[in-house]
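Beneath this line is the structure, given in structure tokens, with notes to follow.
Computed from heavy atoms alone, side chains included, the values below leave out hydrogens, waters and symmetry copies. In what follows, chains are A, B, ... by sequence order, proteins preceding strands, each numbered from 1. Computed from a predicted structure; not experimentally measured.
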There are 2 protein chains.
Amino acid sequence: MKLKKKILIHDIAKHLDVSIATVSLVLNGKAKEKRISDSLAEKVLKYVEEVGYKPNQLAKSLRTGKTHVIGLVVEDIANPFFATVAALIEKKLLARGYRIIYCSTNGDTAKTRDLLTMFQERHVDGYILALPDGVESDVRTLVRSGKPLILFDRELAGVLANAVVVDGEKGMYEATQHLLEQGFTSVAMVTLQAGQAQMQARLQGYSQAMQEWQLPEMVLELEFQQEREQIIHQMQAFCQANPTCNALLFATNYLGVYGLEAVNGLGRRIPEDLAIVSFDDNDLFRLYSPSITVVAQPLEAMAESIISTLLSALEGSQETGRITQLQLAPQLIVRESSIRVPQKARPRASRTKT
Amino acid sequence: MKLKKKILIHDIAKHLDVSIATVSLVLNGKAKEKRISDSLAEKVLKYVEEVGYKPNQLAKSLRTGKTHVIGLVVEDIANPFFATVAALIEKKLLARGYRIIYCSTNGDTAKTRDLLTMFQERHVDGYILALPDGVESDVRTLVRSGKPLILFDRELAGVLANAVVVDGEKGMYEATQHLLEQGFTSVAMVTLQAGQAQMQARLQGYSQAMQEWQLPEMVLELEFQQEREQIIHQMQAFCQANPTCNALLFATNYLGVYGLEAVNGLGRRIPEDLAIVSFDDNDLFRLYSPSITVVAQPLEAMAESIISTLLSALEGSQETGRITQLQLAPQLIVRESSIRVPQKARPRASRTKT
DNA sequence: CTGAAAGCGCTTACAG
DNA sequence: CTGAAAGCGCTTACAG
């Protein structure tokens, strides 16, 4: 097949006996604009196709300053929430001719800063970012640089930038209300210490509901980035220290997963002894027995909003300086783990009765 | 802070009153080699640090032909197996100064071909690939081009290239033996039609064991890329058409997940009515009740092998033309779903009442 | 040790 | 419509 004798724009110009400029212009769709005859343009296109000429993107980027690469920063690509959003974003961006470079921060501020620097060095055309707190000033600098940028999952305190987030406060408020209405009046929230905006919002939703019912709040705040065993251990200790607690609310997916392990380990039954609701949905929660009630994020809509906001910034169809901030509504999906069991077994499924 | 007045190598040469070459040489660690005085070198380094000069990677790449970017192709980044391997690879490569561009093929041959072309256009320094079948000749061309490349998860028929795979035949052979020894003698295998090497190996392991026991094989081969509902429906139809079947072996993680849904939907009890073993481990299988027996892939070891093979090819410390092929052993993790239940009910958890 | 210069492969005013 | 030429920002022989 096609050997690796790299063919250059110069070669094709020479072969067709036209100037390099002509070839370049045709290839970049500026034939009309520059009044190059249709027949010539077609001849160029045909020959380029024939020999399979591909412009060197590096040279092109160096010259134009555009790379058609988008930098995606997530907390952990192995987390199903981020993996799913990333897959959706990738699919949509690919169709528009953009590639993605991604990296995981693992919640590490210093690493995040390095990643951001690397992305700049690689001249990405735009950024999609879910960042740990602590990099506010770096992001502010980035915004000022004028590169299209969008935050998702969480905003950053004091950073004015495009953002797509989910209303975790509302989600957790509704989840707490649901538990309270089911008669679980001793609800505890398990969350992370991180000062991340979305975590605080989720906690806020819980607090709000508890206050409305004039019930005392119980919160377990776990340190970030601990080992699984550590977390499970602390959850179990918490349950034992709060024996009256009869419902647990988890602020994010992996806490919910570990929570199930912790509860199993203690031999507590769900929902008889302990009701469970977690933020984020996934296969495990859906299929677990009993199935777990969740506050699901609208992943497809998030990806869609992220892309469309970023693209409109990239394609300059909007005034610079214009900021788009979206807050999407999560959905409470009631399953077995949060339904009060009268005395005898329940059918299954999901009714919220008030 | 640092404004965006882009500083160039020329600026720093001028400021220090040395030549551009000197600065470049120092920056690329060739000071010694070129006999540049330590004091001068230090002065350069110091000033570069001071003003925060970062060489333009695009220009550098155009000149040197190296990008320090690795192309990673997986089937689906949202699949926990790929997401986890990707996260591990990313972490390890980052430490060595490489970045990753990733894309998902979704099993689509044409899309895969495009991705490969894109990676070439972007001049990635190396490739890490889990590909659908049908792109053998493209990969052969790639190998011939001399770019470091490593296949993982699956090899490609007739393609001689570096590869890291898991011995699925052995894994499934052991899983089948385990089921048979537990007294489940009517074992069916649920797999995908795809001609992918690793799928065939897994099927082969099952066949081997069944033949040794002189038992008839029952295989459900599902079409690739079907909707979840479709798959579940076919699984249920299969179970109903084969009422004697008392054990199901799933060839890959998401089939196992769908399988659980299918079995639940039919109201069959695990393992009383139907034993279950799936390839690949994950939270769901570990925490499901009953917990699911799996053939786990050594993810950490895979990532490690992939990286070390690729790096040694990248860093040219080995003769070109040398090929490394590794086959790692999977691990059978026996859990509740494949253990014969004597007569009475099982201890904890999970009862589907029929 | 250092300077001047070519060249990586393209795009795009600027003159014709 | 087209050609010659500059320039994107670097690296690296080649002469001193």
Sort and list the pairs that fulfil salt bridge (Lys or Arg N to Asp or Glu O under 4.0 Å) and have at least one residue in [range], not counting sequence neighbours.
{"range": "residues 9-26 of chain B", "value": "none"}
{"range": "residues 101-113 of chain A", "value": "R113(A)-D138(A)"}
{"range": "residues 88-104 of chain B", "value": "K92(B)-E300(B), K92(B)-E304(B), R96(B)-E315(B)"}

In whole Å, I'd like the distance from the [atom1] atom of [X] to the [atom2] atom of [N].
{"X": "E121(B)", "N": "dC10(C)", "atom1": "CD", "atom2": "P", "answer": "11 Å"}
{"X": "Y53(B)", "N": "dT11(D)", "atom1": "OH", "atom2": "C1'", "answer": "11 Å"}
{"X": "L27(A)", "N": "dT12(C)", "atom1": "CG", "atom2": "C1'", "answer": "14 Å"}
{"X": "N28(A)", "N": "dG9(C)", "atom1": "CG", "atom2": "P", "answer": "17 Å"}
{"X": "R122(A)", "N": "dG9(D)", "atom1": "CZ", "atom2": "P", "answer": "17 Å"}
{"X": "I12(A)", "N": "dT11(C)", "atom1": "CD1", "atom2": "P", "answer": "12 Å"}
{"X": "L8(A)", "N": "dT11(C)", "atom1": "CG", "atom2": "P", "answer": "12 Å"}

For K66(A), all residues meeting salt bridge (charged side-chain N to carboxylate O under 4.0 Å, His left out), sequence neighbours excluded: none
Partners meeting salt bridge (charged side-chain N to carboxylate O under 4.0 Å, His left out) with E155(B) (sequence neighbours left out): none
Enumerate, atom names and distances included, each donor-acceptor pair closer than 3.5 Å involving a side-chain atom of residues 45-59 of chain A, sequence neighbours excluded.
residue, atom, partner, partner atom, Å
Y47(A), OH, H15(A), ND1, 3.3
N56(A), OD1, L58(A), N, 2.7
N56(A), OD1, A59(A), N, 3.1

Heavy atoms of other groups near E42(B) CD, more than 12 under 6.0 Å: no
Interface with DNA chain D, restricted to residues 55-68 of chain B and to heavy atoms under 4.0 Å: P55(B), N56(B), A59(B), K60(B), R63(B), T64(B)
Strand DNA chain C as a dot-bracket string - pairs counted if Watson-Crick or G-U with both distances under 3.5 Å, | where the partner lies in another strand: |||.||||||||.|||
Partners passing side-chain contact (heavy atoms from CB on, under 4.5 Å) against L299(B) (at least two apart in sequence or in another chain): F81(B), T84(B), V85(B), L88(B), Q297(B)
side-chain contact (heavy atoms from CB on, under 4.5 Å) partners of K43(A), counting only residues at least two apart: L16(A), L40(A)
Whole-Å C1' distance, dT12(D) and dG16(D): 16 Å
Nearest-angstrom distance, P atom, dA5(D) to dC1(D): 24 Å
Those residues that, when tested against T67(A), pass side-chain hydrogen bond (donor to acceptor under 3.5 Å, both in side chains) (two or more places apart): D125(A)
Stepwise side chain to side chain contact (heavy atoms under 4.5 Å, CB included) test for F119(B) and C103(B): CA-CA 10 Å; F119(B) 282 173; C103(B) 288; 4.3 Å; yes
Kindly give the atom pairs (protein nitrogen or oxygen, nucleotide nitrogen or oxygen) under 3.5 Å for nucleotides 1-4 of chain D.
residue, atom, partner, partner atom, Å
dC1(D), OP1, S37(A), N, 3.2
dC1(D), OP1, S37(A), OG, 3.2
dC1(D), O5', R35(A), O, 2.8
dC1(D), O4', R35(A), O, 3.4
dG3(D), OP2, S19(A), N, 2.5
dG3(D), OP2, S19(A), OG, 3.2

